[in-house]
Amino acid sequence: MSPELFAEPAAAPRVSYTVPRAGTVHSAELEIKKSRFLALLTRVDTEDEARQFIARTASEHRDARHHCSAFLVGPHREIGRSSDDGEPAGTAGVPILQALSSHLTAKQREADGAGDLSDVCAVVVRWFGGIKLGAGGLVRAYSGAVTAALQDAPLIRRIRCRELSLPVPHADAGRVEAEIRARDLVVQPTSYGSEHAILHVLVPDTPSELDAARAVLATVTSGHGEPVTGEPAWQDVPAL
């Protein structure tokens, strides 16, 4: 597979970005002048996972002439690759890559924002229909198939978070958790020790968000709770 690097310019560490929901394969199919173009999208967290998905798709559709692909991995799209898989150079893999990189969610379109889709692999399987489409036609077909698949693909946010672990007396755990939830913080399952219940709150890893969350925890415990701050970790959050 021919590599096409598509990394973003150096930037401040990203705290969140858009990804496909894990465990799903989303598809869309176009027919253009008797050629069929089947686009398949899935979540990948590493380059190896992307290559495995491409190989698996090619194996499942051996009767097709081309299995063109592209993928983006990392918060800043540190890894980006594409393959024309026998189509004329630049008519398949790069258009697929550009369709992924330029995709905007509804909220991003409303805010006139930039796309940030990553951790995604797309394979477009083509069954040749006997009529040549020309370079421009191939570009439109491959990018169009991926764009169609992205229209209603299940996308979510991936956020770099820290966990605040708050010990509270067992008798107070239910009340404190309810008050934390009422302030729109994300609460993980509670763990229980012999002396305390421990509430776990996920907070985006920015100074302002962490300070605000600590202030909430201080309020709901009347200043008696001292949370322990965990290490940064990426977490998927509900649909956009």
Exercise. Are Leu210 and Leu166 joined in one hydrophobic group, where the rule is that I, L, V, M, F, W and Y side chains link up if heavy atoms are under 4.5 Å apart?
Worked result: yes
Exercise. Can you check side-chain contact (heavy atoms from CB on, under 4.5 Å) on Thr105 and Thr18, steps first, answer last?
Worked result: CA-CA 8 Å; Thr105 66; Thr18 306; 4.1 Å; yes
Exercise. Within the side chain of Arg65, is there an N or O that forms a donor-acceptor pair under 3.5 Å with the backbone of Glu87?
Worked result: no
Exercise. Is there a path of hydrophobic side-chain contacts, each under 4.5 Å between heavy atoms of I, L, V, M, F, W or Y residues, that connects Leu202 with Ile156?
Worked result: no
For this session: Taking the side chain as every heavy atom from C-beta outward, state whether Val124 and Val146 have any pair of such atoms under 4.5 Å apart.
Result: yes
Problem set entry | Distance-minimising heavy-atom pair for Ala99 and Leu150 | O-CD1, 3.8 Å
For this session: Could you tell me if the ring centre of Trp127 sits under 6.0 Å from that of His61?
Result: yes
Exercise. Which is it for Asp205 and Glu209 under the side-chain contact (heavy atoms from CB on, under 4.5 Å) test, yes or no, and what are the steps along the way?
Worked result: CA-CA 7 Å; Asp205 185 25; Glu209 295 271 10; over 6 Å; no
For this session: Identify the two heavy atoms, one from Pro88 and one from Thr91, that lie closest to each other, and give their separation to 0.1 Å.
Result: O-OG1, 2.6 Å
For this session: Find out whether Gln108 and Asp116 are in side-chain contact, i.e. whether some heavy atom of one side chain is under 4.5 Å from a heavy atom of the other.
Result: yes
Exercise. Which pair of heavy atoms, one from Cys121 and one from Ala50, lies closest together, and at what distance?
Worked result: SG-O, 3.9 Å
Exercise. Mind checking whether Val139 and Leu97 sit in one hydrophobic cluster, side chains of I, L, V, M, F, W, Y counted as touching below 4.5 Å?
Worked result: no
Exercise. Do side-chain atoms of Ser102 reach the backbone of Gln98 as a donor and acceptor pair under 3.5 angstrom?
Worked result: yes
For this session: Verify the distance criterion only: is there a donor paired with an acceptor across the side chains of Ser16 and Arg157 at less than 3.5 Å?
Result: yes
For this session: State, with a plain yes or no, whether a side-chain heavy atom of Glu163 is found less than 4.5 Å away from one of Gln188.
Result: yes
For this session: Spell out, as yes or no, whether a donor-acceptor pair under 3.5 Å connects the side chain of Arg183 to the backbone of Glu179.
Result: yes
Exercise. Hey, are the side chains of Cys68 and Ile96 touching, using non-hydrogen atoms and a 4.5 Å cut-off?
Worked result: yes
Exercise. Do we see a donor-acceptor contact under 3.5 Å between the side chains of Thr190 and His200?
Worked result: no
For this session: For the residue pair Phe37 and Ile32, establish whether any side-chain heavy-atom pair is separated by less than 4.5 Å.
Result: yes
Problem set entry | ILVMFWY cluster, Val176 and Val187 together (side-chain gap under 4.5 Å) | yes
Exercise. Any salt bridge between Asp48 and Arg51, counting N to O under 4.0 Å?
Worked result: no
Exercise. Is a side-chain donor-acceptor pair under 3.5 Å present for Ser118 with Arg158?
Worked result: no
For this session: Would you kindly confirm whether Leu104 and Leu155 end up in one hydrophobic cluster when ILVMFWY residues are joined by side chain heavy atoms under 4.5 Å apart?
Result: no
Exercise. Can you tell me if Thr221 uses its side chain to pair, donor with acceptor, with the backbone of Leu217 under 3.5 Å?
Worked result: yes
Problem set entry | Note, Ile180 side chain near Leu199 side chain (heavy atom, < 4.5 Å) | yes
For this session: May I have the step-by-step check of side chain to side chain donor-acceptor pair (under 3.5 Å) for Thr229 and Arg214, ending in yes or no?
Result: CA-CA 10 Å; Thr229 304; Arg214 291 188 184 104; 3.1 Å; yes
For this session: Measure across Val15 and Pro204 and return the closest heavy-atom pair with its distance rounded to 0.1 Å.
Result: CG1-CB, 4.4 Å
Exercise. Would Leu41 and Leu100 satisfy side-chain contact (heavy atoms from CB on, under 4.5 Å), going step by step from the backbone distance to the final call?
Worked result: CA-CA 10 Å; Leu41 303 172; Leu100 295 175; 4.1 Å; yes
Seminar exercise, completed: All heavy atoms of Leu72 vs all of Gly80, minimum pair found to be CD2-CA, 4.1 Å
Problem set entry | Residue pair Thr24 / Arg43, side-chain donor-acceptor N/O under 3.5 Å | no
Exercise. Do the non-hydrogen side-chain atoms of Ile79 and Arg81 ever get within less than 4.5 Å of each other?
Worked result: yes
Problem set entry | Side chain proximity check, Asp152 to His26, heavy atoms < 4.5 angstrom | yes
For this session: Report the C-alpha separation of Leu133 and Arg126 in whole Å, then their side-chain angles, then the decisive distance to 0.1 Å, and conclude whether the side-chain contact (heavy atoms from CB on, under 4.5 Å) test is met.
Result: CA-CA 12 Å; Leu133 302 184; Arg126 182 193 182 189; 3.9 Å; yes
Exercise. Atom CG in Leu40, atom NE2 in His67: separation rounded to 0.5 Å?
Worked result: 10.0 Å
Problem set entry | Minimal non-hydrogen separation, Ala28 against Ala145, with atom names | CB-O, 4.1 Å
For this session: Using only heavy-atom distances, determine whether the side chains of Arg140 and Ser143 contain a donor-acceptor pair under 3.5 Å.
Result: no
Exercise. Going by atom types alone, do Asp84 and His66 pair a side-chain donor with an acceptor below 3.5 Å?
Worked result: no
